[in-house]
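We name chains A, B, ... by the order of the sequence lines, and we start the count at 1 in each one.
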2 protein chains.
Amino acid sequence: MKKKPTMQDVAAIAGVSTATVSNVINNTKNVSEGTKRKILEVIESLDYIPNNLAKSLKMRDTKLIGLLISDIANPFFPPVVRGIEDSLAENGYNLILCETNSDSNLERENLRVLLSRRIEGLMVSLAGSEESHFENIDTPLVFFNRVPVSDQYNKVQVKNFKAAYVGTTHLIGHDYKRVAILAGPQHLNVGRDRLFGYKEALLESGREVDSNYISIREFTVAEGYQGMKELMNQDPKPDAVFTSNNALTLGAFQFLKDAGYRIPQDIAFLGYDDTQWATIVDPPISVVRYPMYEMGQAIGAMIIGLVRSRGQEPSRTIAFEPELVVRKSCGC
Amino acid sequence: MKKKPTMQDVAAIAGVSTATVSNVINNTKNVSEGTKRKILEVIESLDYIPNNLAKSLKMRDTKLIGLLISDIANPFFPPVVRGIEDSLAENGYNLILCETNSDSNLERENLRVLLSRRIEGLMVSLAGSEESHFENIDTPLVFFNRVPVSDQYNKVQVKNFKAAYVGTTHLIGHDYKRVAILAGPQHLNVGRDRLFGYKEALLESGREVDSNYISIREFTVAEGYQGMKELMNQDPKPDAVFTSNNALTLGAFQFLKDAGYRIPQDIAFLGYDDTQWATIVDPPISVVRYPMYEMGQAIGAMIIGLVRSRGQEPSRTIAFEPELVVRKSCGC
DNA sequence: CGCTTCGTGTTAATCGTTTAAATCGATTGT
DNA sequence: ACAATCGATTTAAACGATTAACACGAAGCG
């Protein structure tokens with residue numbers, strides 16, 4: 001692990017100054033063919049690779065963007081991150097990934113580290129309802145997925161309200177009488193908005209909102225399983241259910257299978273977020289879904305735009321439309 | 001987006017030298033209570049965050065580790081990356097993520113960028129069979145998943161041969177007569193080794209290797225679908241199949257469902273890599289699986305170890321054992 | 001009293017780049 | 001013939017931290 005060669009070394013061997021070396025590397029000034037060739041030879045022979053730390057320090061840019069999410073193993077994130085990465089790579093930026101495990105304290109710590117690394121922009125899916133640590137940072141910021149309410153921020157969202165509204169309306173439209181929902185934590189925008197959408201759909205079609213058919217749960221598979229079980233303990237049982245998150249969908253479906261319920265005869269089922277498995281299970285699951293890869297691209301493009309415009313632009317919000325994919329698990 | 005305060009600023013306002021400021025920040029020398037408090041106050045009031053670029057430049061370390069994979073959206077990676085991240089975070093390192101899209105040229109380019117960022121270590125799942133660009137880099141290096149053959153490198157692998165061997169043996173043991181395999185690209189170690197394991201299992205139990213029951217495919221869902229279709233066109237049809245990768249598993253299962261085959265009556269099915277959906281489909285799929293999160297942790301721990309020991313240690317290989325999870329899709 | 005020791009702080013060089021300003025021949029125009 | 005111009009290159013000052021070496025007054029000691 002010997003010391004890496006520097007621009008000094010290259011310059012000395014080539015018999016020129018570092019300024020000239022810098023100029024051939026960056027094509028920033030005319031350098032005569034002769035010396036240029038000589039320098040390139042030396043670079044090659046030394047395996048010289050410029051030190052970007054020094055460059056960044058001097059230039060005050062790092063081409064580094066931070067990503068702060070709860071858990072990459074949550075199936076929602078991978079396609080989104082892929083889109084982000086593609087978008088950043090296209091523009092010569094690199095991604096530095098931090099996971100918060102949905103812990104706001106970890107989030108705050110990671111934020112400090114990222115800022116000390118002088119990231120040029122940051123993309124965040126909030127860990128929890130705490131968001132004060134983002135208040136006065138002067139680095140371009142884009143929230144996505146779990147976003148703060150304040151509209152002083154840039155956001156890339158999905159239309160959570162609409163997703164639940166459309167899903168629930170579809171179930172009502174197919175004449176299910178007792179439509180239940182597995183809802184998420186109410187301190188998260190994604191939890192709240194989806195529940196509102198569900199309620200609104202019921203009210204608009206003249207139904208009553210019956211709290212017995214609302215189960216508020218953490219976004220985990222185990223909670224989905226348990227929540228579904230409790231919903232099926234109601235009397236009368238619900239005849240349709242909307243599960244408002246991918247983990248809840250998985251858990252709920254699991255329970256219904258285990259307990260021997262027939263879908264959609266005993267209960268109609270509408271899930272959240274698509275996966276290739278959704279078409280394979282029996283019956284294929286209807287879902288409300290979003291174009292995750294495209295969302296990722298949009299997030300990446302937005303942060304790049306902000307970096308380029310030095311954060312001068314007013315805050316924007318992009319909201320993606322939900323798509324209802326009807327398969328066999330509910331009326332069609 | 002005003003200029004960020006520097007240590008100079010802090011020092012000037014607090015009426016001390018930068019040396020002293022540095023010393024209170026890093027707890028590296030005795031500083032009297034009074035001045036320490038004063039300095040901390042100034043830091044607080046300025047929202048001063050140290051510039052890690054400068055620190056890294058001077059200290060010659062970045063606490064940055066690179067990760068080079070083909071595609072985070074491949075379901076194999078997320079749990080592994082989670083394990084890696086946890087392991088790195090525990091030791092104060094950050095992760096910089098690059099995707100190669102299985103393109104060796106992109107891989108080489110990304111490698112250069114990462115090296116110029118002076119990452120302290122690099123973890124790689126190879127893009128293809130080209131690996132020469134890793135030959136002379138003097139940065140600690142760990143390969144995983146898709147690894148080079150040479151044992152001059154550090155690797156965290158799975159026992160690919162054994163996985164296929166155990167799986168195939170299980171199928172043979174349950175008296176299936178015509179065991180087929182959906183195998184992967186033969187220029188990748190993971191493709192080759194799994195096919196070898198399959199063949200070896202057949203030979204050892206006195207069976208013949210029949211190339212009609214071997215379909216060599218790219219690792220994609222579409223190829224799995226197509227490959228399974230062709231296998232079922234053989235006469236006589238195979239009565240069992242081992243799909244040697246998660247995407248192939250998905251595609252093959254999809255085809256069998258679509259075509260109306262009954263599992264395991266018409267054909268026994270053994271998949272690769274576990275997912276929560278595997279227990280939900282009908283019938284629940286038997287699989288050969290690995291502890292992905294733990295593998296990630298091991299990868300992270302290994303690279304940290306190498307960084308700490310300055311790469312003095314001899315090359316090591318850790319190989320994880322496959323686990324056979326028997327569900328309803330094949331003899332049990 | 002003179003000498004060492006100790007606790008606090010400061011000075012200034014350094015890490016590896018970039019770049020404005022300066023330098024230096026050679027060429028050009030009149 | 002002489003100033004002006006031009007192209008190629010060098011000089012040297014940043015960027016924002018760390019840290020060895022040093023400075024200085026107070027305290028300890030025989």
Original post:
Rounded to whole angstroms, how far apart are CG on B:Asn23 and C1' on C:dT8?
Top reply: 10 Å
**OP:** Assign B:Ser17 to base, sugar-phosphate, or nothing according to its heavy-atom contacts below 4.0 angstrom with the strands shown.
**Re:** base
Subject >> Inter-residue atom distance A:Gln297.CD - A:Leu88.CG, 0.5 Å rounding >> reply: 11.0 Å
Original post:
What is the distance from NZ of B:Lys29 to C1' of C:dT11, rounded to the nearest Å?
Top reply: 11 Å
Original post:
Which residues pass the side chain to side chain contact (heavy atoms under 4.5 Å, CB included) test with A:Ser116, sequence neighbours left out?
Top reply: B:Ile49, B:Asn52
**OP:** Return the set of residues passing side chain to side chain contact (heavy atoms under 4.5 Å, CB included) with A:Ser150 (not counting sequence neighbours), or none when no residue passes.
**Re:** A:Gln152, A:Tyr153
**OP:** Mind checking side chain to side chain contact (heavy atoms under 4.5 Å, CB included) for B:Asp61 and listing every partner two or more places apart, or none if nothing turns up?
**Re:** B:Met59, B:Lys63, B:Glu120
**OP:** For DNA chain D, note the earliest and the latest nucleotide, 5' to 3', having some atom under 4.0 Å of a heavy atom belonging to chain A.
**Re:** D:dA8 to D:dG16
Subject >> Donor + acceptor pair across side chains of B:Asn101, A:Arg82 (<3.5 Å) >> reply: yes
Original post:
In degrees rounded to 10°, what angle is found between the helical axes fit to the five outermost pairs at each end of the helix from C:dC1-D:dG30 to C:dT30-D:dA1?
Top reply: 50°
**OP:** Would you indicate what B:Ser22 reaches in the nucleic acid, counting non-hydrogen atoms under 4.0 angstrom: base, sugar-phosphate, or nothing?
**Re:** base
Original post:
CZ/B:Arg117 to CD1/B:Ile96 distance, rounded to the nearest 0.5 angstrom?
Top reply: 5.0 Å
Subject >> Side-chain donor or acceptor of B:Asn110 paired with backbone N/O of B:Glu107 under 3.5 Å >> reply: no
**OP:** Mind calculating the distance between CZ (B:Arg117) and P (C:dC15) to the nearest angstrom?
**Re:** 23 Å
Original post:
For DNA chain D, which residues in residues 44-60 of chain A have a heavy atom at a distance below 4.0 Å?
Top reply: A:Leu57, A:Lys58, A:Arg60
Original post:
So do A:Phe77 and B:Ile72 actually touch side chain to side chain, heavy atoms under 4.5 Å?
Top reply: no
Subject >> Nearest-Å distance for atom pair NZ/P, residues B:Lys36 and C:dG7 >> reply: 14 Å
Original post:
Using a cut-off of 4.0 Å on non-hydrogen atoms, how would the nucleic acid contact of B:Ser32 be classed: base, sugar-phosphate, or nothing?
Top reply: sugar-phosphate
Subject >> First of A:Ala19 and B:Gln8 reached from the 5' end of DNA chain D, by closest nucleotide >> reply: A:Ala19
Original post:
Under 3.5 Å, is there a donor-acceptor pair between the side chain of A:Thr62 and the main chain of A:Arg118?
Top reply: yes
Subject >> Nearest-0.5 Å distance, CE of residue B:Met123 to CG of residue B:Leu67 >> reply: 4.5 Å
**OP:** Before giving the answer on side-chain hydrogen bond (donor to acceptor under 3.5 Å, both in side chains), spell out for A:Asn189 and A:Arg192 the whole-Å C-alpha distance, their side-chain angles and the decisive distance to 0.1 Å.
**Re:** CA-CA 5 Å; A:Asn189 67 309; A:Arg192 267 193 317 271; 5.7 Å; no
